[in-house]
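To start, the structure itself, in structure tokens.
Because only heavy atoms are used, hydrogens play no part in the values below, and waters and symmetry mates are left out as well, while side chains stay in. So that the names make sense, note that chain A is the first sequence line, chain B the second, and so on, each numbered from 1.
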Number of protein chains: 6
Amino acid sequence: MKPLFVINPNSSVIVTAGIDAAMEPLRRMGVPIQCMTLEQGPPAIENQMEADLTIAPMLALAQGLAEEAGGFVVACFGDPGVRALRCAVSQPVVGIQEAAVATALTLGQRFGVISILPASIPRHMRSFGAMGVMDRLAGDRALGLGVADLAHEGRTLEAMVACGQRLRDDDGADVLIMGCAGMAIYRHKLEEALGLPVVEPCQAGAALAIGQMMMGYGRTLDAD
Amino acid sequence: MKPLFVINPNSSVIVTAGIDAAMEPLRRMGVPIQCMTLEQGPPAIENQMEADLTIAPMLALAQGLAEEAGGFVVACFGDPGVRALRCAVSQPVVGIQEAAVATALTLGQRFGVISILPASIPRHMRSFGAMGVMDRLAGDRALGLGVADLAHEGRTLEAMVACGQRLRDDDGADVLIMGCAGMAIYRHKLEEALGLPVVEPCQAGAALAIGQMMMGYGRTLDAD
Amino acid sequence: MKPLFVINPNSSVIVTAGIDAAMEPLRRMGVPIQCMTLEQGPPAIENQMEADLTIAPMLALAQGLAEEAGGFVVACFGDPGVRALRCAVSQPVVGIQEAAVATALTLGQRFGVISILPASIPRHMRSFGAMGVMDRLAGDRALGLGVADLAHEGRTLEAMVACGQRLRDDDGADVLIMGCAGMAIYRHKLEEALGLPVVEPCQAGAALAIGQMMMGYGRTLDAD
Amino acid sequence: MKPLFVINPNSSVIVTAGIDAAMEPLRRMGVPIQCMTLEQGPPAIENQMEADLTIAPMLALAQGLAEEAGGFVVACFGDPGVRALRCAVSQPVVGIQEAAVATALTLGQRFGVISILPASIPRHMRSFGAMGVMDRLAGDRALGLGVADLAHEGRTLEAMVACGQRLRDDDGADVLIMGCAGMAIYRHKLEEALGLPVVEPCQAGAALAIGQMMMGYGRTLDAD
Amino acid sequence: MKPLFVINPNSSVIVTAGIDAAMEPLRRMGVPIQCMTLEQGPPAIENQMEADLTIAPMLALAQGLAEEAGGFVVACFGDPGVRALRCAVSQPVVGIQEAAVATALTLGQRFGVISILPASIPRHMRSFGAMGVMDRLAGDRALGLGVADLAHEGRTLEAMVACGQRLRDDDGADVLIMGCAGMAIYRHKLEEALGLPVVEPCQAGAALAIGQMMMGYGRTLDAD
Amino acid sequence: MKPLFVINPNSSVIVTAGIDAAMEPLRRMGVPIQCMTLEQGPPAIENQMEADLTIAPMLALAQGLAEEAGGFVVACFGDPGVRALRCAVSQPVVGIQEAAVATALTLGQRFGVISILPASIPRHMRSFGAMGVMDRLAGDRALGLGVADLAHEGRTLEAMVACGQRLRDDDGADVLIMGCAGMAIYRHKLEEALGLPVVEPCQAGAALAIGQMMMGYGRTLDAD
């Protein structure tokens, strides 16, 4: 079986390592999973310009892997270049944002999103609108943490739990999505604290891509 | 790994055999897949009353399997009893209609549905509305075949191609869903004839259920 | 004039008596209204499994009444079996949830729902989505009362008023729906306290069914 | 019981007579129904300017009747002045367009509208959007008849049947609304020809108003 | 170049003077802008009846100006008579509410509305629904000020800032609309205090009307 | 007044010349309009990969012009890089697709889109969904012309008229959008042939950008 390549379009090897660890339970699904770092990417992707500028080097990286690949996941919540890559390769290509949403739709009735920065939320709304799922959105709320706090695992979890409680109790979410590729280690602690299923988008992306590979999907009309 | 049980809630062993064949490519995903027939079900499920009346015996069958099960798929396009079963067991429970829609959302922008009977379409609309995906629906059209024609493979395929062409060319579908559990053998021929990905709902249901099992989801709040 | 049968699908005769009292003002509309208890139902319907399991005995009860009936109302907020019953009888069949919503749509611009349990809200959302009215929904909030509190009329009213104020002031509701068949005695007190019209779903269901009977509607295509 | 006043805001006594005849089956509902003609209205209301200019004299007429009235129906598909009248009187005030839609929502899953003029359709879309029911709309199609044809009953029915067939077979309607106050005599013939329930908006308006009167609704917050 | 007439449909010359001042930056766009007061209008428009009753005299005023006009703006948030006027004249006719929304759609992803009175909000919802933009609405909140407070500039600004903060921080608005024709003087102070673009609806209406005039649009089909 | 730069992100100077001609009537609006060709762009933009790959050089071009610019229009229907550019400059940045839609919303109730290629339509749907305007969309249909036909003005106009008639008569459009930057010369002929307003997206983009410049909008929160 050809491998699934999970491309982290930022240049942080720590983030890639976190994604790789999150893939562990999915390695039983019969497909090798290889996580890659986009060296030319920025250390972190915080706005649409940074996201869009990863597309050209990401396409080059993926096209270089195309012969040996079974499928691709683009591991940035925002799905930069996902549709462009579908024009360039014939394998399944999955974005982690759309995968997280598709997964959440089958785990609850209204999803809440835990975002890091308030400025990401309008971008998420645009994507959820493009996916046509605004009626399933309970809310999207930012952690409101500074950089120093984010380095502190206890404070980050605390903020995520508080954010999740608000999404659950005020906004009516019955499933949560972590709106960022680098939060995987908090998934089970959040689920325990909140009593709700939590979708880690890289896991959702890989599971969905493997399913598409097994069912034999490839290039779609939409890719033209 | 505990098996995934795919329950056909009608009593037709021929339909179950067709579902079982459709599972073949998904058997590489690390989970045994067992297809079951609901003996107390009707020969075919053609309206909401027939669908609702399968729920009680289907729950009994599934509860009897619960100890040995890794997950459940209810294999009737209409998802009868899916939410009831989520109240009764703690494993992932997936309906093939919602799975087909979630899968189609990631393969194209607007999905078309090929239904057997015109009378099923309002029920589908209700479900798509409940899923909040009406803006992604291109159209839902019936084959308009009589029972005699359905027994004839050539005529059925012809009618499916004609229906798919209308969904693609007039309604703007770029991915199709087969709106019935018993159409699996036509999937690849339809894809070739139409140049669009075609979602077979039992496959979509099993792939999604296995993904949920691997990621470790179980009972959700929605099940209460 | 043949009577309208209002079937309470739980087994509580106290709830049925409350429904019967709520029918009083509608008995001037030219149609006898008879309230029935489903003996085989559970004492209360609190999740989808309990709701679905009422369908088979409810259908049997209704089919036994069909010859003498002018119409049917299924008096559980959740409308279990309403569409199944439309397949079985030719008279108008109305669910109290869809009737409450249709009534609220003509009394205000955005409706708020007062629910007893938080776990019911995702089910309501699914129904409101199926009805295509999510843009008219201001919010759906639970009373957050324990069983002991619910037995206490003063505390229940207090919680309902608090819930209604939040729906009115934070969520923007200008009409309220009581999301349960057993709250009729609070309707006028709530209206006075909040200055908003309040829809009692059993009343809404019976008024709508009588209107359909008078206009001569019966079996619809949707029932097939 | 105080009467329900059904006000025809055009000056055609023939249209008023047609509305009065359509009220016949609803006269068993315990409320006297009186149909009135707005003498200052135009002979027919064909655009938004004509509709808006009926509001001032309609308000004057209704306010003159307010002391003796139990409720009001404004019988023009377009609901001119309905919300203004709610500011002026404390009784239930119902527009026939919103009543027809609310009624259709409980008789089928997707409604089709038979309009007389193509130019009315954008106005209807605005109203259906304001009601938040666009996902329930199958289609709105015009008869495409000239004035001479409309005077001819056979040709009008033929055109209505053709229009209804297109709404049913191409657009997927399972319930139809007659998009005009003057089509009542065709309702039953259309239902027979098409096998679908057909909503006559004046009947829907009166049935809904009587229901509101019986349940004791009056002025709503929305009227301020 | 023929002038753009901006008609204030209330009788307050102070409001008209405020609108006139707000037009200042748009006077560089190559079209003379003339602000008019509707003498027969009420001192303020606070409900739908008052709004509807301005239509007849507003139409008379506009029709008297039609020969010399290049275009019209109706300067009441609620757009009374906008569609009626499109039936009566062939020039571009713009309502400030729809113009404010169209402008906000291009300045942010979700708009918040600052309203004066709570009772206006259901009317706004109806309009936003008619415009089909409910998924872009973050929230609509009222200032909650009494008349005495509104006369006090400092208190009004303070209330607007508090309202805007709630729309931004709780509801997720990234662009604000002032839901009234008379708030222009607060626009820049609000933008500074909140860090968000603020749409003043009269400016939005005039800019949009001038654009339509330059591009040569006139009577549309919708006007029939 | 600083100029508005209209950037054609493909490398065709013929297309740029066509855009420049279309700007003529807008040059009276008090702002110089300069049309630029992106030399590094492809000869035509026909899929998402080609669109995304224009972003980096387009940003470089625009950033080089930023000091002397009053505003920017990105003149490709698809709006590539519009949100990225908003992160990089503080002036108004307008995409012609969102501008065409915002303009159409004020000229009719349901817009139809005339596209060149069928494969563009799913991309348009995603954008219209992101804009939250799917309920205002009547339809999006492709011309179905080959390259040879497109070079032939008569055949192109004929195909556009046929496409527009279908959008108007079958889909219910009352305003049309030309879904491509290079169709400006056909606008008035289409309007005459169809009796509907037709939006040329480059004109709509420039008019909207000039309005934003005059009203003093710049960087929005959404740009972060």
*Which heavy-atom pair separates F:D52 from A:G81 by the least distance, and what is that distance?*
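Between these two residues, the closest heavy atoms are OD2-CA, 4.2 Å.
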
*If you look at every heavy atom in A:A88 and F:M49, which pair is closest and at what distance?*
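The pair with the smallest heavy-atom distance is CB-SD, 3.7 Å.
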
_Note, A:L53 side chain near F:L59 side chain (heavy atom, < 4.5 Å)_ =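 With C-beta onward as the side chain, the pair touches.
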
_Positive for side chain to side chain contact (heavy atoms under 4.5 Å, CB included) with F:R126, one of A:R83, A:M131, A:R126_ =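 The single option meeting the side chain to side chain contact (heavy atoms under 4.5 Å, CB included) with F:R126 is A:R83.
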
*For the atom pair CZ (A:R86) and CG (F:N47), what is the distance rounded to the nearest 0.5 Å?*
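Going from the CZ atom of A:R86 to the CG atom of F:N47 covers 13.0 Å.
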
*A:A51, A:P80, A:A130, A:G129: which one forms the most heavy-atom pairs within less than 4.5 Å of chain F?*
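Highest number of heavy-atom pairs under 4.5 Å: A:A130.
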
*asked:* A quick test of your reading: do over 12 heavy atoms of other residues, nucleotides or ligands sit less than 6.0 Å from CD1 of F:I14?
replied: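 No, the 6.0 Å shell around CD1 holds no more than 12 heavy atoms from other groups.
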
